[in-house]
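Shown next, in structure tokens, is the structure this report addresses.
Numbered from 1 within each chain, the chains take letters A, B, ... in sequence-line order.
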2 protein chains.
Amino acid sequence: MAARAARRSYEELARHLSGIGAVRREMARGLPQDCPPASAAALTLLHKYGEMRIGRLSELMAVDMSVTSRHVSHIEERGWVERHPDPQDGRSRLLRLTERGRRQLDTLVQVTTETLETFLHDWTDEDIARLNGMLERLRQSFGDSRASRLAHEDTP
Amino acid sequence: MAARAARRSYEELARHLSGIGAVRREMARGLPQDCPPASAAALTLLHKYGEMRIGRLSELMAVDMSVTSRHVSHIEERGWVERHPDPQDGRSRLLRLTERGRRQLDTLVQVTTETLETFLHDWTDEDIARLNGMLERLRQSFGDSRASRLAHEDTP
DNA sequence: TATTGTTATACTCTATAACTATA
DNA sequence: TATAGTTATAGAGTATAACAATA
């Protein structure tokens with residue numbers, strides 16, 4: 001019986017995860033025209049975690065390196081990041097936020113905050129903190145398993 | 001001070017919403033080859049809410065009707081839904097799940113459940129129920145505001 | 001005239017595979 | 001040989017605009 005109840009919760013969760021797309025699209029609408037969601041995510045992560053290589057950024061975004069490479073090209077073309085030589089490894093370069101990138105990030109923080117203030121006006125700080133906690137855990141549950149899956153791809 | 005703390009939570013939430021993409025992609029990996037996430041979502045909604053028109057399905061998926069039209073074509077080509085005349089309105093047709101569609105849905109429920117069991121093995125039923133509750137509320141907060149925004153698009 | 005749906009077009013995001021350069 | 005990154009290609013999802021048919 002407990003198993004059947006859990007199974008129903010899983011179906012509901014799958015539906016909600018699918019529905020989150022609407023939330024993400026709404027967030028995307030507020031972004032500057034030349035800064036799509038993936039660019040915004042890359043800038044945010046470079047700010048939060050500091051200078052890093054493409055491979056590291058790929059892990060943080062949980063996408064293939066080829067995808068990250070394109071995103072980085074986009075934000076580099078706009079002068080938001082620079083690629084510097086990696087003294088540790090000649091194959092890599094280190095991504096570093098520029099001053100312009102930091103200003104762009106200020107804009108991003110502002111518009112995302114405004115959007116969330118609008119839509120979540122009746123949420124308390126505690127509500128939001130709780131949601132953040134659950135999403136953080138969800139990400140970890142998937143991220144950790146995903147990492148071990150990728151690591152053991154040769155020996156399934 | 002409370003405002004500043006809330007602002008920081010908003011930034012965190014924006015980051016998490018972006019990160020949910022990884023979860024959705026992982027869910028998508030388990031789906032049958034010819035049933036992409038949008039098709040699965042459409043079938044799920046048709047099962048949950050029953051026979052409906054394209055416009056209603058568009059609202060539930062929170063995407064433009066042109067998008068839904070394509071998704072419905074995809075699942076109709078595979079025999080998972082049928083379009084029946086709408087006695088109420090000659091411009092519309094009613095979408096109805098077929099027997100094959102119901103069998104496809106059984107498969108979908110099975111694979112999504114298996115995926116979630118794998119990744120969320122250390123979550124209790126209560127954890128999942130709490131997450132479902134917060135996601136439901138999040139969807140509503142965005143959905144309701146979005147609906148009123150669309151309704152008042154002429155008078156901004 | 002207004003609404004329901006469809007189609008054409010374009011853009012974003014993503015993965016796979018083939019390739020280059022360095023370790 | 002193996003790894004870091006790039007590029008080419010293809011597929012999914014989406015929105016806008018132009019269109020057809022019906023209300």
Between the protein and nucleotides 18-23 of chain C, which nitrogen or oxygen pairs come in under 3.5 angstrom?
unit_1: dA23(C); atom_1: OP1; unit_2: G90(A); atom_2: N; d: 2.9

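Heavy-atom distances under 4.0 Å link DNA chain D to M65(A), S66(A), S69(A), R70(A), R83(A) of residues 65-84 of chain A, given in residue order. Of the residues in residues 31-43 of chain B, P36(B), P37(B), A38(B) come within less than 4.0 Å of DNA chain D through at least one heavy atom, sorted by number.
Pairs engaging residues 106-122 of chain B under the salt bridge (charged side-chain N to carboxylate O under 4.0 Å, His left out) rule: none recorded [sequence neighbours left out].
Annotation: side-chain hydrogen bond (donor to acceptor under 3.5 Å, both in side chains) contacts of S92(A) (sequence neighbours excluded): R53(A). Every residue was checked against the side chain to side chain contact (heavy atoms under 4.5 Å, CB included) condition with S69(A), not counting sequence neighbours, and none meets it. Not counting sequence neighbours, T107(B) has no partner by the side-chain hydrogen bond (donor to acceptor under 3.5 Å, both in side chains) test. For S39(A), the side-chain hydrogen bond (donor to acceptor under 3.5 Å, both in side chains) criterion is met by no residue, not counting sequence neighbours. In terms of the salt bridge (charged side-chain N to carboxylate O under 4.0 Å, His left out) criterion, residue partners of R96(A) (sequence neighbours excluded) are, by chain and number, E51(A). Residues meeting the salt bridge (charged side-chain N to carboxylate O under 4.0 Å, His left out) test with D34(A), sequence neighbours left out: R78(A). Under the rule for a salt bridge (charged side-chain N to carboxylate O under 4.0 Å, His left out), the partners of R83(B) that lie at least two apart in sequence or sit in another chain are E76(B). Taking the side chain to side chain contact (heavy atoms under 4.5 Å, CB included) definition, one finds that A41(B) meets it with S18(A), M61(B), sequence neighbours left out.
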